[in-house]
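Reviewing the structure listed below.
The sequence lines fix the lettering, A, B, ..., with proteins before strands; numbering per chain opens at 1. We use all heavy atoms of the structure for the numbers below, so side chains are in, but hydrogens, waters and symmetry mates are not.
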Amino acid sequence: MPALETLRKTASSAKALEASLEGLLQDMDVQFQVYESSRCRGAVDDTSCQDIERALRQTYQQLLDRMIEALPEMERLVESTRRNLSGTLRTQIGLNLSPRDLQRAIATKPGSESTARQRTGARVGRLSQQFQRYYEMVSRARGTETTMTMAADIYLDSREALEWISLARQDMVSARTELEISVAWGNLSPQMMQTVHQVKGLLFGETPALPDAPDPKASTADANIRALELN
Amino acid sequence: MSTTRTIRNLAPTLAVLAALGTGCASTPPPVAATCTLDPPASLGSLADAARTALAGSACRGHFAEFFELALKRAESSPDEANRARFAALIRQGAEQGLVTDFEGKQLYNRYFHTTYVSLPGEYNVCSTLRSKDKLLGALETELADKRRGILTVAADRTGFQEAQRQYTDLVLVLEATALACLDP
């Protein structure tokens with residue numbers, strides 16, 4: 001299992017980033033609404049519109065700077081979790097068990113270790129909550145054998161998170177360059193809101209939905225069934 | 001859909017063709033033996049019906065067809081007791097030498113048990129996952145067979161939920177391990 005400390009740090013790092021950006025994102029939403037409701041788009045000679053636009057650009061610049069500053073550390077922590085779990089999955093399952101052994105291991109732990117969500121490719125919930133949840137799950141599962149699906153789930157999520165972070169890093173740098181150019185040309189880029197949307201997606205995700213775990217099947221008294229069933 | 005199927009035993013027909021080829025045209029061709037499989041409407045007598053139906057030489061090799069026809073019939077009469085009826089049918093087939101013990105277990109567990117028989121035990125997971133698509137395809141097919149057996153025929157919703165849970169967990173762990181096996 002991943003080092004608990006790495007999971008805790010990842011959750012805490014993501015939480016700090018979310019907290020530092022939440023205010024900025026709210027400011028941007030408000031400023032953008034004012035910009036739109038004041039019909040500032042295209043009103044290049046209006047001094048109040050220029051003020052709103054300048055404030056919007058400043059907030060956006062701060063948002064990009066914070067993301068660019070924080071993402072490398074976040075990436076390092078998530079990568080550490082991914083690498084740790086990759087080794088665990090490869091040595092403890094991949095090289096040590098046959099698929100049939102794996103089946104036995106999963107069959108003997110009915111409903112106990114599933115993280116109970118379908119993998120859809122879209123992350124659910126805040127990044128910090130996701131890693132906090134993993135931290136708590138791994139803390140609880142320490143010393144038990146119920147960690148196989150948990151390890152797989154965290155590993156796949158870490159890979160997804162790394163892809164998101166890597167894309168976000170590239171996009172933030174591009175967005176900052178674009179902002180500098182657009183300042184020079186005096187236009188408010190529509191790309192700005194898309195970048196904000198991407199930041200929200202990376203940090204705040206979607207709402208989680210957890211299905212109920214099924215009850216284990218009752219054993220049978222039928223002699224023919226007992227003779228045929230797999231142990 | 002009719003659950004009766006007539007299966008022509010081709011061996012006598014081939015014998016006739018061979019005889020024609022040697023010029024024995026005067027020998028009358030033997031009547032081709034037919035195998036008629038008709039699982040009983042009352043599934044309680046499934047094993048007895050199999051013993052009778054599969055005892056004759058014409059139907060001897062057709063246990064799998066009988067099993068399939070019986071499943072089709074049982075789909076329209078879901079009942080918890082069907083699980084035991086099919087277990088008895090398989091035991092009957094084993095006693096008649098129509099299926100080996102191993103084949104019988106594979107057949108029963110594929111349709112009526114929550115664990116998956118498609119997963120091989122010879123090589124480790126990393127080696128087996130070189131044919132990941134084939135393995136996951138086999139698991140998916142078996143999940144469909146379990147839906148048919150556990151849920152539709154044996155009317156066991158809880159049992160099928162457990163089979164689904166195991167399928168989901170297996171696919172999750174196999175997908176993750178497949179990637180981890182390839183990590184540098």
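Interface residue B:Ile90: only side-chain heavy atoms are found under 4.5 Å from chain A. Looking at A:Arg82, only its side chain comes within 4.5 Å of chain B, counting heavy atoms on both sides.
Counted within 6.0 Å of CD on A:Glu73, heavy atoms from surrounding residues, nucleotides or ligands total more than 12; the atom is thus considered enclosed. Taking a 6.0 Å sphere around CD of B:Glu140, one finds it holds 12 or fewer heavy atoms contributed by other residues, nucleotides or ligands. By the 6.0 Å contact criterion, CD on B:Gln96 is enclosed, its count of non-hydrogen atoms from other residues, nucleotides or ligands being greater than 12.
Your options are B:Leu135, B:Thr128, B:Thr177, B:Leu179, and the one with the most heavy-atom pairs under 4.5 Å with chain A is B:Leu179. Contacts with chain A were tallied for B:Val125, B:Asp101, B:Leu182; B:Val125 has the most, counting heavy-atom pairs under 4.5 Å. Listed options B:Ala178, B:Pro120, B:Ala84 were ranked by heavy-atom pairs under 4.5 angstrom with chain A; first place goes to B:Pro120.
Looking only at side-chain heavy atoms (C-beta outward), A:Tyr155 and B:Asp183 come within less than 4.5 Å of each other. The closest side-chain heavy-atom distance from A:Leu102 to B:Leu119 is not below 4.5 Å. Residues A:Thr149 and B:Thr168 form no side-chain contact, since every pair of their non-hydrogen atoms from C-beta on lies 4.5 Å or further apart. The shortest side-chain heavy-atom distance between B:Asn124 and A:Asn96 does not fall under the 4.5 Å cut-off. Looking only at side-chain heavy atoms (C-beta outward), B:Arg165 and A:Ile106 come within less than 4.5 Å of each other.
Summarising the geometry of B:Cys181 relative to A:Gly94, their closest heavy-atom pair is SG-CA, 4.2 Å, with the distance given to 0.1 Å. Contact detail for A:Arg90 and B:Cys126: the closest heavy-atom pair is CG-SG, 4.3 Å.
Considering CE of A:Met150 and CG of B:Leu172, their distance stands at 11.5 Å, rounded to 0.5 Å.
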